[in-house]
Q: 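One structure follows; several queries about it will come next.
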2 protein chains.
Amino acid sequence: MNKEEQLKLSSQVCFPIYSVSRLLTKAYKPYLDRMGITYPQYLVLLVLWENDSVTVNEITSKLYLNTNTVSPLLKRMEAAHLIERKRSKSDERSVLIELTLKGKELKTIASEVPDKLLQVLLTTNVQLPDIMTLKETLEEWIEVLSEQKNKENK
Amino acid sequence: MNKEEQLKLSSQVCFPIYSVSRLLTKAYKPYLDRMGITYPQYLVLLVLWENDSVTVNEITSKLYLNTNTVSPLLKRMEAAHLIERKRSKSDERSVLIELTLKGKELKTIASEVPDKLLQVLLTTNVQLPDIMTLKETLEEWIEVLSEQKNKENK
DNA sequence: TACTTTTGTATCGTGCACGACACAAATTAC
DNA sequence: GTAATTTGTGTCGTGCACGATACAAAAGTA
């Protein structure tokens, strides 16, 4: 395949990733709407359902997002009474994020969601083992791409 | 795997897709910056390098984007003198998008980009055949997920 | 101790992304 | 041939996503 052919939309590898990402967020929407949250907010909740008290920094590194994305996002979640923000006593620069009762309760409703999405994806020829392989591939790429970014900073 | 376990961040399938999508856009950035365009604008150019004259509608359906995303995007591209917009004579509702000379010339510079990105992705254990498989999986999902959306509209 | 650097978080500006809605041109129905 | 509907594009408001930048707290250094 020459360079001319690589420039065809159908040859691009990144394009389907970009499209599926957006379409998946859209597929999540009806379920998340019922909970009054967005997809990035759902990701923050996933982190918080696993860890009682995390700093902003921990959230950004787990989700590979910048603080300037997460900060306003957390503000909206605080305004929606899903989380609380308090300064760490050990390090006054850090902000600790904790779930409110309302935020904790959403976990029960949310537990129904991943399986429903999985069922949609399985209506194709793609089966569970294929999905696991795909996930591993993507996780390798996350490793490379998130390091790539660090290189340029240094 | 029970529902509790599915709610772990590490168990989510959509999350790596979401992350890789964003990280790839970021990896494209230095190359696209040199051309003075963004990743979604690059996608529009890919369509236009293949087709001399397309309507807004054709762009939205090829990229799975809404008109209310593409319209302002095209306006910015027109302001940057990359494209021209003219009303179709056969159907006064349609707007035809065509490349300017500047827009056509970018194709040469752009032809170097996809391969560079591919090289980054190949620094992992993931090899070209794996990427092709991944691409096919994602394209199947695009089919299902973009139909899913149409279902709800009807 | 005073100075410099690093770290953790946040604000600002720009560009998507999309739901809700608007509106005119074209098509269809009666 | 006029009214109702569909189609193609666009505006508006909200929420990310991120580069550039700011700033205070903490850590390191002379």
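Convention: sequence-line order gives letters A, B, ...; per-chain numbering from 1.
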Q: For DNA chain C, whose closest nucleotide is more 5', that of A/Val70 or that of A/Arg22?
A: A/Val70
Q: Mind calculating the distance between CG (A/Leu74) and C1' (D/dG15) to the nearest angstrom?
A: 14 Å
Q: Would you jot down, in residue-number order, the residues of residues 76-89 of chain A having a non-hydrogen atom under 4.0 Å from DNA chain C?
A: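 Output list: A/Arg85.
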Q: So which one's nearest nucleotide on DNA chain D is more toward 5', A/Ser90 or B/Leu96?
A: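 Final value for this comparison: B/Leu96.
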Q: Can you tell me the distance, in whole Å, between the CG atom of A/Asn68 and the P atom of D/dC23?
A: 16 Å
Q: Let me know the distance between CG of B/Leu145 and C1' of C/dC18, rounded to the nearest Å.
A: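 That distance rounds to 16 Å.
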Q: On DNA chain C, compare the nucleotides closest to A/Thr67 and A/Lys29; which residue's is nearer the 5' end?
A: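 The 5'-side residue here is A/Thr67.
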Q: Identify which one of B/Tyr39, B/Tyr28, B/Tyr18 satisfies the ring-ring contact (aromatic ring centres under 6.0 Å, His included) criterion when paired with A/Tyr18.
A: B/Tyr39
Q: Please say yes or no: joined through hydrophobic side-chain contacts below 4.5 Å, possibly via intermediate residues, are A/Leu145 and B/Val126 part of one cluster?
A: yes
Q: When you check the gap from the basic side-chain N to the acidic O, do A/Lys86 and A/Glu98 get nearer than 4.0 Å?
A: yes
Q: Would you say the side chain of A/Arg93 and the base of C/dT7 hold a donor-acceptor pair, judged only by whether the two atoms sit under 3.5 Å apart?
A: yes
Q: C/dG8 phosphate, OP1 or OP2: any side-chain N/O from A/Asn57 under 4.0 angstrom?
A: yes
Q: Can you check whether A/Glu58 reaches A/Val47 side chain to side chain, under 4.5 Å on heavy atoms?
A: no
Q: Please give, in whole Å, the distance from D/dT7 C1' to B/Glu58 CD?
A: 14 Å
Q: Take atom CG of A/Asp33 and atom P of D/dT14, then tell me their distance rounded to the nearest Å.
A: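 The answer, rounded to whole Å, is 16 Å.
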Q: Assess whether a salt bridge exists between B/Arg87 and B/Glu92, defined as any Lys/Arg side-chain N lying under 4.0 Å from an Asp/Glu carboxylate O.
A: no
Q: Can you figure out which of C/dA17, D/dG15, C/dT11 approaches the side chain of A/Lys75 most closely?
A: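 From the listed options, C/dT11 comes nearest.
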Q: What's the closest nucleotide to the B/Leu65 side chain, out of C/dC18, D/dG8, D/dG19?
A: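 Out of C/dC18, D/dG8, D/dG19, the nucleotide with an atom closest to B/Leu65's side chain is C/dC18.
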Q: Need one value for B/Thr69: base, sugar-phosphate or nothing, where a base atom within 4.0 Å counts as base even if backbone is also close, heavy atoms only.
A: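 Since a base atom lies under 4.0 Å of B/Thr69, the category is base.
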Q: Taking salt bridge (Lys or Arg N to Asp or Glu O under 4.0 Å) as the definition, give me every residue that meets it alongside B/Arg76, ordered by chain and number, with sequence neighbours left out.
A: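 Counting only residues at least two positions away or on another chain, B/Arg76 forms no salt bridge (Lys or Arg N to Asp or Glu O under 4.0 Å).
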Q: Are B/Thr38 and C/dC16 close enough that a side-chain N or O sits under 4.0 Å from OP1 or OP2?
A: yes
Q: I need the CD-C1' distance between B/Glu92 and D/dT9, as an integer number of Å.
A: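 In whole Å, D/dT9 C1' lies 13 Å from B/Glu92 CD.
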Q: Any donor-acceptor pair under 3.5 Å linking the side chain of A/Glu84 with the backbone of A/Ile97?
A: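 No; zero donor-acceptor contacts below 3.5 Å.
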Q: For the side chain of B/Val56, counting heavy atoms from C-beta on, which of D/dA17, D/dG10, C/dG19 is nearest?
A: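 Of the options given, the side chain of B/Val56 lies nearest D/dG10.
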Q: What nucleotide, of C/dA25, C/dC18, D/dC16, holds the atom closest to the side chain of B/Asp91?
A: C/dA25
Q: For A/Lys135, does the NZ atom have more than 12 heavy-atom neighbours from other residues, nucleotides or ligands under 6.0 Å away?
A: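 It does: A/Lys135 NZ has more than 12 such atoms within range.
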Q: Rounding to an integer number of Å, can you tell me how far B/Tyr18 OH sits from C/dC16 P?
A: 17 Å
Q: With heavy atoms under 4.0 Å as the rule, sort A/Thr55 into base, sugar-phosphate or nothing.
A: sugar-phosphate
Q: Looking at B/Thr25, I'd like to know whether one of its side-chain N or O atoms comes within less than 4.0 Å of OP1 or OP2 on D/dA17.
A: no
Q: With respect to the phosphate group of D/dA17, does any side-chain polar atom (N or O) of B/Lys26 fall under 4.0 Å of OP1 or OP2?
A: no
Q: Just how far, in rounded Å, is C1' of D/dG8 from CD1 of B/Ile59?
A: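 So the two atoms are 13 Å apart, to the nearest Å.
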